[in-house]
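What follows is a short report on a single structure.
What you see is a predicted model, and the numbers here were worked out from it, not measured in a lab.
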Amino acid sequence: MKLPACRLADLLRGEAFRLESDPAVAVFHTEDGGLYAIDDTCTHQDASLSEGWLEGFEVECPLHASKFDLRTGAVDAPPARLPVRTHRVLVEDGTIHVELSEAPPNLPPTCVAARLRGATPAGGVT
């Protein structure tokens with residue numbers, strides 16, 4: 001499934017955009033002009049990676065400092081142990097689109113429990 005995220009001109013280099021999908025996706029525009037999309041939820045605990053710190057090709061979770069590689073989804077620092085899903089990014093007519101991965105997401109236990117109950121966890125990510 002391909003979803004429109006935002007206009008390329010509106011996403012400055014070094015910034016992120018949170019796409020309200022299920023689960024949410026974070027789109028990053030790196031300083032070198034690259035565009036990457038990963039699941040927005042840290043795999044350790046319910047925290048938005050789009051609110052984290054971007055450095056090079058890594059984003060650091062704002063909650064417990066786990067780092068994820070935007071290119072592969074690999075986790076580089078604990079306490080997270082599982083990678084985040086990556087998604088394909090396309091730019092068409094000046095708009096960033098995200099082609100969602102068909103792989104299952106690695107959601108943290110708080111999100112999985114909330115999904116089973118049919119509720120939204122405290123951070124609002126499902």
Side-chain angles (χ1 to χ4, degrees):
M1 173 188 303
K2 185 171 75 169
L3 301 173
C6 63
R7 295 196 41 75
L8 177 59
D10 296 335
L11 185 58
L12 302 176
R13 289 181 183 206
E15 299 292 322
F17 175 83
R18 180 182 164 104
L19 176 60
E20 298 296 336
S21 54
D22 184 23
V25 170
V27 180
F28 293 91
H29 194 176
T30 60
E31 291 293 340
D32 71 349
L35 294 168
Y36 300 91
I38 61 172
D39 283 346
D40 189 45
T41 306
C42 178
T43 58
H44 167 251
Q45 198 168 345
D46 188 14
S48 173
L49 295 175
S50 62
E51 295 176 9
W53 297 275
L54 181 61
E55 186 173 332
F57 296 107
E58 284 189 328
V59 62
E60 182 178 321
C61 176
L63 199 55
H64 294 115
S66 288
K67 294 180 181 179
F68 297 90
D69 188 308
L70 299 176
R71 300 165 295 186
T72 65
V75 62
D76 292 345
R81 298 184 191 281
L82 298 174
V84 290
R85 253 185 341 174
T86 60
H87 307 279
R88 187 168 174 223
V89 178
L90 308 159
V91 179
E92 297 173 354
D93 298 323
T95 299
I96 298 170
H97 296 266
V98 175
E99 188 174 298
L100 298 178
S101 170
E102 293 185 12
N106 287 322
L107 296 174
T110 54
C111 289
V112 172
R115 278 179 174 239
L116 292 174
R117 289 189 318 269
T120 301
V125 178
T126 58

Test of understanding: clusters of I, L, V, M, F, W, Y form through side-chain heavy atoms closer than 4.5 Å, transitively. Do [X] and [Y] belong to the same one?
X	Y	value
Leu90	Leu11	no
Leu35	Leu19	yes
Leu12	Leu49	no
Leu54	Phe68	yes
Leu107	Val84	no

So, for [X] and [Y], which heavy atoms are closest and what is the spacing to 0.1 Å?
X	Y	answer
Thr86	Gly73	CG2-N, 3.4 Å
Leu3	Ser21	CD1-CB, 3.8 Å
Ile96	Val91	CG1-CG2, 4.3 Å
Leu100	His87	CA-ND1, 3.5 Å
Gly14	Glu31	CA-OE2, 3.4 Å

Open item on the list: How about CD on Glu99, more than 12 heavy atoms from neighbouring residues, nucleotides or ligands closer than 6.0 Å, or not?
Closed with: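 Counting other residues, nucleotides and ligands, CD of Glu99 exceeds 12 neighbours.
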Open item on the list: Around atom CD of Glu92, are there more than 12 heavy atoms from other residues, nucleotides or ligands closer than 6.0 Å?
Closed with: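 Yes.
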TODO: Verify whether the ring centers belonging to Phe57 and Tyr36 lie closer than 6.0 Å.
DONE: yes
Donor-acceptor contact present, side-chain [X] to main-chain [Y], <3.5 Å:
X	Y	value
Asp69	Glu58	no
Asp76	Lys67	no
Arg85	Ser101	yes
Thr43	Pro83	no
Ser66	Ala77	yes
His64	Pro79	no

Open item on the list: Pair Thr41, Asp39 - check side chain to side chain donor-acceptor pair (under 3.5 Å), show working.
Closed with: CA-CA 6 Å; Thr41 306; Asp39 283 346; over 6 Å; no
- [ ] I would like to know whether Val25 and Asp40 meet side-chain contact (heavy atoms from CB on, under 4.5 Å); could you show each step before the answer?
- [x] CA-CA 5 Å; Val25 170; Asp40 189 45; 5.6 Å; no
Open item on the list: Any donor-acceptor pair under 3.5 Å linking the side-chain atoms of Asp32 with those of Thr30?
Closed with: yes
Open item on the list: Within the 4.5 Å heavy-atom criterion, are Phe17 and Ser50 side-chain neighbours or not?
Closed with: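 Not touching, per the 4.5 Å side-chain cut-off.
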Task: Full working for side-chain contact (heavy atoms from CB on, under 4.5 Å) between Ser48 and Arg18 - done: CA-CA 9 Å; Ser48 173; Arg18 180 182 164 104; 3.6 Å; yes
Task: Test log, rule side-chain contact (heavy atoms from CB on, under 4.5 Å), inputs Phe28 and Ile38 - done: CA-CA 8 Å; Phe28 293 91; Ile38 61 172; 3.8 Å; yes
Task: Pair His29-Glu15, side-chain contact (heavy atoms from CB on, under 4.5 Å): steps then yes or no - done: CA-CA 6 Å; His29 194 176; Glu15 299 292 322; 5.7 Å; no
